[in-house]
Amino acid sequence: MNQRDNVTEQLKELLDMYEFSMDTLSKYLQLPVEQIRKLSEGDVGFLPEDATYRFNIFNKISFLYLSAVEDKDLKLCAFLKVLLSYHGLSKRAMAKMAGVEVKDIERMLSNPPKKVSENTKYKVAVTVMSLRFFLKDCEQENINC
């Protein structure tokens, strides 16, 4: 599948190909369902002219779209890097929490990433997912954790 450059095409593909929930999109984008339908058809006329507002809406759609089409290992590595750099967790702590070896974390972070077993990726992914969920409030502006 080719990545779309046009955000309205991305939205249409999220709805049609991936059967993404219209209600979830409505809450996420803070737009009524009817406006999401219009947007997926290429109509952006109802959106405010404010460039920042449009940029934020378009980014949110692209983030969801990239979740479907982006390399999953690359995405896992990026989230792992956030936990290590932004939250200051160590590779050792991540490895212990995931039940893997430190060398497995280092392999995943190497450039290019070195092969680790699917079981190891699963353990790291579940740990990363739960930590990002619980630490997400620390990533908001003006909140210190």
Side-chain angles (χ1 to χ4, degrees), residues 1-44 47 51-145:
M1 172 171 110
N2 294 328
Q3 182 174 335
R4 308 280 185 185
D5 292 328
N6 186 309
V7 75
T8 59
E9 290 177 14
Q10 291 175 351
L11 180 58
K12 184 164 181 51
E13 199 162 315
L14 280 168
L15 292 167
D16 295 345
M17 179 183 254
Y18 297 104
E19 300 177 15
F20 205 89
S21 166
M22 186 71 81
D23 290 332
T24 300
L25 280 171
S26 179
K27 291 175 191 168
Y28 179 64
L29 299 174
Q30 297 178 333
L31 293 173
V33 169
E34 187 52 41
Q35 288 183 346
I36 292 171
R37 279 195 186 94
K38 286 181 180 181
L39 191 56
S40 73
E41 295 167 358
D43 179 2
V44 296
L47 292 174
T52 302
Y53 177 85
R54 286 182 178 217
F55 178 78
N56 288 334
I57 291 283
F58 294 165
N59 268 350
K60 285 181 160 188
I61 293 168
S62 290
F63 290 151
L64 289 178
Y65 181 77
L66 288 173
S67 291
V69 299
E70 197 173 68
D71 180 287
K72 307 305 185 221
D73 289 347
L74 182 63
K75 200 175 332 183
L76 174 58
C77 183
F79 285 125
L80 178 57
K81 286 179 181 177
V82 168
L83 290 169
L84 297 172
S85 63
Y86 185 86
H87 292 290
L89 299 176
S90 68
K91 293 175 190 175
R92 183 175 167 89
M94 287 301 307
K96 284 184 171 190
M97 293 181 83
V100 300
E101 300 291 325
V102 174
K103 65 183 178 183
D104 293 322
I105 300 294
E106 290 170 345
R107 284 184 184 127
M108 292 177 76
L109 293 169
S110 65
N111 191 11
K114 294 185 174 95
K115 186 111 173 117
V116 295
S117 72
E118 294 298 317
N119 187 48
T120 296
K121 274 191 234 179
Y122 173 77
K123 288 178 178 181
V124 172
V126 169
T127 303
V128 166
M129 179 179 62
S130 64
L131 286 171
R132 286 297 308 272
F133 177 78
F134 291 119
L135 296 174
K136 71 180 182 258
D137 292 340
C138 297
E139 296 174 23
Q140 295 176 1
E141 290 181 348
N142 302 322
I143 296 178
N144 295 317
C145 288

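All residue numbers in this chain count up from 1 along the given sequence. In this text the structure is predicted, and so the values were computed from the model without any measurement.
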Undergrad: Below 4.5 Å, heavy atoms only, C-beta onward: do Val124 and Asp104 meet side chain to side chain?
TA: no

Undergrad: State whether the number of non-hydrogen atoms from other residues, nucleotides or ligands found under 6.0 Å of Lys75 atom NZ is greater than 12.
TA: yes

Undergrad: Closest heavy-atom contact between Leu25 and Ile36?
TA: C-CD1, 3.5 Å

Undergrad: So do the side chains of Lys91 and Leu109 get within less than 4.5 Å of each other, counting heavy atoms only?
TA: yes

Undergrad: With a cut-off of 6.0 Å (strictly less than), are more than 12 heavy atoms of other residues, nucleotides or ligands near NZ of Lys12?
TA: no

Undergrad: Answer yes or no: is there a donor N or O on one side and an acceptor on the other, between the side chain of Lys121 and the main chain of Val116, under 3.5 Å?
TA: no

Undergrad: Nearest 0.5 Å, please: how far is CG in Leu80 from CG in Asp73?
TA: 12.0 Å

Undergrad: Is it the case that more than 12 heavy atoms not belonging to Tyr53 sit under 6.0 Å from its OH atom?
TA: yes

Undergrad: Could you measure the distance from the NZ atom of Lys103 to the CD atom of Glu106? Nearest 0.5 Å is fine.
TA: 10.0 Å

Undergrad: Lys123 side chain to Glu118 main-chain N or O, any donor-acceptor pair under 3.5 Å?
TA: no

Undergrad: Taking C-beta and beyond as the side chain, do Val69 and Gln10 meet within less than 4.5 Å on heavy atoms?
TA: no

Undergrad: Is it the case that more than 12 heavy atoms not belonging to Arg92 sit under 6.0 Å from its CZ atom?
TA: no

Undergrad: On a heavy-atom basis, which atom in Ala93 and which in Ser90 lie closest, and how many Å separate them?
TA: N-OG, 2.9 Å

Undergrad: Rounded at 0.5 Å granularity, tell me how far CG in Leu14 sits from OG in Ser21.
TA: 11.5 Å

Undergrad: For the pair Arg37 and Glu34, find out whether any cationic side-chain nitrogen is under 4.0 Å from an anionic carboxylate oxygen.
TA: yes

Undergrad: Which heavy atom of Ser26 sits nearest a heavy atom of Leu31, and at what distance?
TA: OG-O, 2.6 Å

Undergrad: So do Leu83 and Thr127 actually touch side chain to side chain, heavy atoms under 4.5 Å?
TA: no

Undergrad: Taking atom NZ of Lys115 as the centre, report whether more than 12 heavy atoms of other residues, nucleotides or ligands fall under 6.0 Å from it.
TA: no

Undergrad: Would you say CZ of Phe79 has more than 12 non-hydrogen atoms from neighbouring residues, nucleotides or ligands within 6.0 angstrom?
TA: no

Undergrad: Within a strict 4.5 Å, meaning less than it, do heavy atoms of the Phe63 and Tyr28 side chains meet?
TA: yes

Undergrad: Decide yes or no for Thr24 and Lys27: does some side-chain heavy atom of the first lie under 4.5 Å from some side-chain heavy atom of the second?
TA: no

Undergrad: Taking Arg54 for the side chain and Val44 for the main chain, is one N or O donor matched with an acceptor at less than 3.5 Å?
TA: yes

Undergrad: Hey, what do you get for CG (Leu29) to CE (Met22), rounding to the nearest 0.5 Å?
TA: 10.5 Å

Undergrad: Got a second to check how far Ser117's OG is from Arg107's CZ, nearest 0.5 Å?
TA: 9.5 Å

Undergrad: Could you tell me the separation between the CD1 atom of Ile57 and the OG atom of Ser62, rounded to the nearest 0.5 Å?
TA: 11.5 Å

Undergrad: Do Leu47 and Leu39 have side chains that approach each other closer than 4.5 Å (heavy atoms only, starting at C-beta)?
TA: yes

Undergrad: Report yes or no: is the cationic atom of Lys136 (NZ for Lys, CZ for Arg) under 6.0 Å from the centre of the six-membered ring of Phe133, at an angle within 45° of the ring normal?
TA: yes

Undergrad: Hey, are the side chains of Thr8 and Glu41 touching, using non-hydrogen atoms and a 4.5 Å cut-off?
TA: no

Undergrad: Has Tyr86 got a side-chain atom pairing as donor or acceptor with Cys138's backbone, closer than 3.5 angstrom?
TA: yes

